[in-house]
Q: 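Have a look at the structure that comes next, please.
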Amino acid sequence: MAKAGSQESWSASDLEDRLQSGSDFFVFDVRNEDEFEAWKIEGRKPLEMANVPYYEMLEVDEFDDVVDTFQSFLEQGWAAKLPRDVPILTVCAKGDTSEYVAAAMRRLGLDAVNLEGGTEDWGNYYSIKRVDSSEVRTILQVARPARGCLSYVVISGTEAAIIDPLRHFNQYVEICEQAGAQIVVVLDTHAHADHISGGPALGSQVGAPYYLHPYDGIHPIDVLPARFSFEFLEDEMELSIGDSLLQTLHIPGHTLGNVAYLLDGDTLFSGDSIFIDSIARPDLGGRGETWAPIHYDSLQRLMRLPDSLVVLPGHFSSLAEADKGGVFRARLGDLKLGNPGLLKAQGDKGDFVEYILGSLPVFPDQYVDIKRVNAGLKEVNEADASELELGKNVCALAE
């Protein structure tokens, strides 16, 4: 029997809490091998896990009750291999098949819990963390932990700005309504390739201007202009948000229209330029050799900013990059001393370009279509959008 008082399922929020705290558990993933290899659950530290596709489990003697079938399979070998001193999290795409697997494990005395909604719910889960709060402003970091995507809400007085809003944009509306703030500006740091931006739709819904640099208003591979209207960002443009001031810094390299935002002279929303443990890649527009030297120049510009700046990135590669409160942030001065990409950017430009081009991860085919969606050149329904965004982002250089 299962341990007294044990849970039978974890929500996506429960999973995030355990991943952030570094608690021990074992992952038993019953998705197909290719799905498992493409995208696994990851934590602050490596997780013990196994992948046993559910269809293999159904090949044993079949019973009228699928739980009996799974139990029979486990009894033929796996039950003896599974840990009894930590919880076992069963995982599938939508949380239905894995629920039966967890039930079979509990019959065998294992402390098994099912991931509610499976990897689909985990992939669409958002976590909201407070970065800072003062009399002048509040900054919230809105993350999709499974995908490594970060976005931000800046509230000052009764006004709010949304930076790099993700696809499910109603949450930003709810956050601001609860704070009694009106969204007055919606901003993207660049035309994203790894996820569908919620910016144009959010701006339209709340009646706020949506800003993008004009260089990113053209699909870099199709060379076609965006099919929606937006306000043009310019270098060193200043935008007032209540009592706070947001300044635009044009830093081409990841994209030609890539920008960062400097808030009140003390906080840098670095978008896809500087991350915590890496830097952005310059090849997602199909022009890595051309854009890598430009990327170097932009990083040089950012590194001339005050070391005291708090950097808030657009992505993360590992939950281990977060601080103890689960917020992804670091001082620029510390990043200049410990971020491998920034260390390379402090050297010779030619060496940096060679390093960049030799460290590029695989280019996901779906990124071209995501950029088409973000340029209004392609329309997708919710199912297609979820499929395009499946898996973790790879906007950073490979280690």
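Sequential numbering from 1 along the given sequence is applied to the chain's residues. For clarity, every value in this text was computed on a predicted model and none was experimentally measured.
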Q: Same cluster or not: are Ile175 and Tyr126 linked, directly or through other Ile, Leu, Val, Met, Phe, Trp or Tyr residues, by side-chain heavy atoms under 4.5 angstrom apart?
A: yes
Q: Anything under 30° is parallel, anything over 60° is perpendicular, the rest tilted; go ahead and classify Tyr355 against Phe352.
A: tilted
Q: Taking side chain as C-beta onward, heavy atoms only, is Thr119 less than 4.5 Å from Leu390?
A: no
Q: Are the side chain of Lys129 and the backbone of Val327 linked by a donor-acceptor contact shorter than 3.5 Å?
A: no
Q: Anything under 30° is parallel, anything over 60° is perpendicular, the rest tilted; go ahead and classify His195 against His315.
A: perpendicular
Q: How would you list all residue pairs meeting salt bridge (Lys or Arg N to Asp or Glu O under 4.0 Å) that involve residues 191-213, not counting sequence neighbours?
A: Arg147-Asp194
Q: May I have all residue pairs that pass ring-ring contact (aromatic ring centres under 6.0 Å, His included) and include part of residues 88-121, sequence neighbours excluded?
A: none
Q: So, for Ser127 and Pro145, which heavy atoms are closest and what is the spacing to 0.1 Å?
A: CB-CG, 4.0 Å
Q: How would you list, by chain and number, every residue that makes a side-chain hydrogen bond (donor to acceptor under 3.5 Å, both in side chains) with Arg144, sequence neighbours excluded?
A: Asn124, Glu389
Q: Please confirm whether the backbone N or O of Leu58 pairs with a side-chain atom of Thr69, one donor and one acceptor, at under 3.5 Å?
A: no
Q: Flag this pair as yes if the NZ/CZ of Lys40 is under 6.0 angstrom from the six-membered ring centre of Phe36 and inside a 45 degree cone about the axis; otherwise no.
A: yes
Q: Under a 3.5 Å distance rule, please check whether Asn32 uses its side chain to pair with a backbone N or O of Asp34 as donor and acceptor.
A: no
